[in-house]
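Okay, so here's the structure we're looking at.
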Amino acid sequence: MASNNNTTGVDNTFRKKFDTEEILERAREREKKESDRSKSRSKGPPVQRAPLKHRDYHVDLESRLGKTQVVTPVAPLSQQAGYFCRVCECVVKDSANYLDHINGKKHQRALGMSMRVERSSLEQVQERFEVLKKRKTPGTFTEQDLDERIRKQQEEEEELKRQRREKKKEKKKGKVMEEEPEMDPEVAEMMGFGGFGSSKKS
């Protein structure tokens, strides 16, 4: 076999040729755009929100209970059926969902509060205990007070039972009186009510 040194080359002209300078230039432009975008996002420090606080108002869930309301499609949101939240400008259809909404993250953020609770210090807890102690009625509770209250309760129950028995007796007397009306003996004799089964001989 004779080896032929005239081998034909492989056609690789369809392959893409990479220009490294062009690729590096595109990468630099992309990095520059991303850094500009991140700078525009963080214009200032992150927003500091106040911790959760107790509500200083009463949530009214029962004022419109049992009332009917005509709702038209062109009515403003505040006059539509359901509970209207003025902060978020939305309508919630029932009371359970309304409570979930006003206790939720979106509503609290609109009020400027985070969902975190302020951590109490030892002094604040002690002050709170003192306030609660002062709110209690003065005086100590003893076993004698308890015995006295139990004895009074038993006396009241016995009195109620006695009154009920007397009412029953009065009702029975009233029924017996109605069943046997008193008649004049002469009138009863005329009507023939005098002595059933006994005959008078004259």
Side-chain angles (χ1 to χ4, degrees), residues 23-161 164:
I23 293 171
L24 288 172
E25 186 63 34
R26 286 184 189 170
R28 286 186 203 112
E29 287 177 11
R30 189 171 51 245
E31 286 175 0
K32 188 178 179 184
K33 286 180 183 178
E34 286 178 5
S35 66
D36 290 343
R37 195 177 309 145
S38 64
K39 285 180 184 176
S40 65
R41 280 187 202 154
S42 61
K43 289 186 177 177
V47 178
Q48 293 292 327
R49 290 188 166 84
L52 279 176
K53 291 184 270 183
H54 289 285
R55 270 190 215 103
D56 56 354
Y57 61 92
H58 174 69
V59 178
D60 183 27
L61 298 175
E62 298 156 357
S63 65
R64 295 190 301 178
L65 188 67
K67 294 182 180 177
T68 56
Q69 180 179 2
V70 177
V71 180
T72 60
V74 293
L77 278 176
S78 61
Q79 294 175 358
Q80 288 185 1
Y83 296 91
F84 178 68
C85 175
R86 295 184 192 287
V87 177
C88 304
E89 294 182 356
C90 64
V91 176
V92 185
K93 295 299 178 188
D94 60 3
S95 60
N97 286 334
Y98 180 66
L99 283 175
D100 288 343
H101 169 74
I102 63 175
N103 293 330
K105 192 173 191 177
K106 179 183 173 188
H107 183 80
Q108 297 299 331
R109 281 193 174 201
L111 288 174
M113 289 189 276
S114 68
M115 294 302 287
R116 294 194 177 132
V117 180
E118 185 180 7
R119 194 168 175 86
S120 298
S121 66
L122 178 64
E123 291 81 21
Q124 289 173 329
V125 174
Q126 289 173 342
E127 286 173 12
R128 183 74 175 160
F129 278 134
E130 290 300 321
V131 168
L132 292 175
K133 281 180 185 176
K134 289 177 183 175
R135 196 185 310 175
K136 265 187 175 180
T137 55
T140 57
F141 183 74
T142 62
E143 288 185 24
Q144 293 175 351
D145 295 339
L146 180 64
D147 293 339
E148 181 75 20
R149 288 174 61 189
I150 290 173
R151 187 179 55 76
K152 285 182 181 178
Q153 184 71 24
Q154 288 174 347
E155 288 176 0
E156 289 174 4
E157 287 175 4
E158 289 174 8
E159 181 66 24
L160 285 172
K161 285 180 184 177
R164 287 181 194 149

By side chain to side chain donor-acceptor pair (under 3.5 Å), E148 pairs with (sequence neighbours left out) R151
Apply side chain to side chain donor-acceptor pair (under 3.5 Å) to D60 and list each qualifying residue two or more places apart in sequence or on a separate chain. S63
What residues, two or more places apart in sequence or in another chain, satisfy side chain to side chain donor-acceptor pair (under 3.5 Å) together with R26? E22
Taking Q124 for the side chain and S121 for the main chain, is one N or O donor matched with an acceptor at less than 3.5 Å? yes
Apply side-chain contact (heavy atoms from CB on, under 4.5 Å) to the pair M113 and R49, showing each step before the final yes or no. CA-CA 5 Å; M113 289 189 276; R49 290 188 166 84; 5.6 Å; no
Roughly how far, to the nearest 0.5 Å, is the CZ atom of R116 from the CG atom of L52? 11.0 Å
List for me each residue that meets side chain to side chain donor-acceptor pair (under 3.5 Å) alongside T68, sequence neighbours excluded, and say none if there are none. none
For S120 and V125, work out which heavy atoms get closest and say how close. CB-CG2, 4.2 Å
Atom CD of E155 and atom CD1 of I150: how far apart are they, to the nearest 0.5 Å? 12.5 Å
Quick one: list whatever passes salt bridge (Lys or Arg N to Asp or Glu O under 4.0 Å) with R28, sequence neighbours left out. E25
Can you run down the side-chain hydrogen bond (donor to acceptor under 3.5 Å, both in side chains) pairs that involve residues 82-97, sequence neighbours left out, and say none if there aren't any? D94-N97
Please step through side-chain contact (heavy atoms from CB on, under 4.5 Å) for the pair Q153 and E156, ending with a clear verdict. CA-CA 5 Å; Q153 184 71 24; E156 289 174 4; 4.0 Å; yes
Kindly compute the distance separating CD (E118) from NZ (K53), expressed to the nearest 0.5 Å. 9.5 Å
Ignoring hydrogens and angles, tell me if any N or O in the side chain of Q108 forms a donor-acceptor pair with the backbone of I102 under 3.5 Å. yes
For Q69 and Q79, indicate whether the former's side chain and the latter's backbone hold a donor-acceptor pair under 3.5 Å. yes
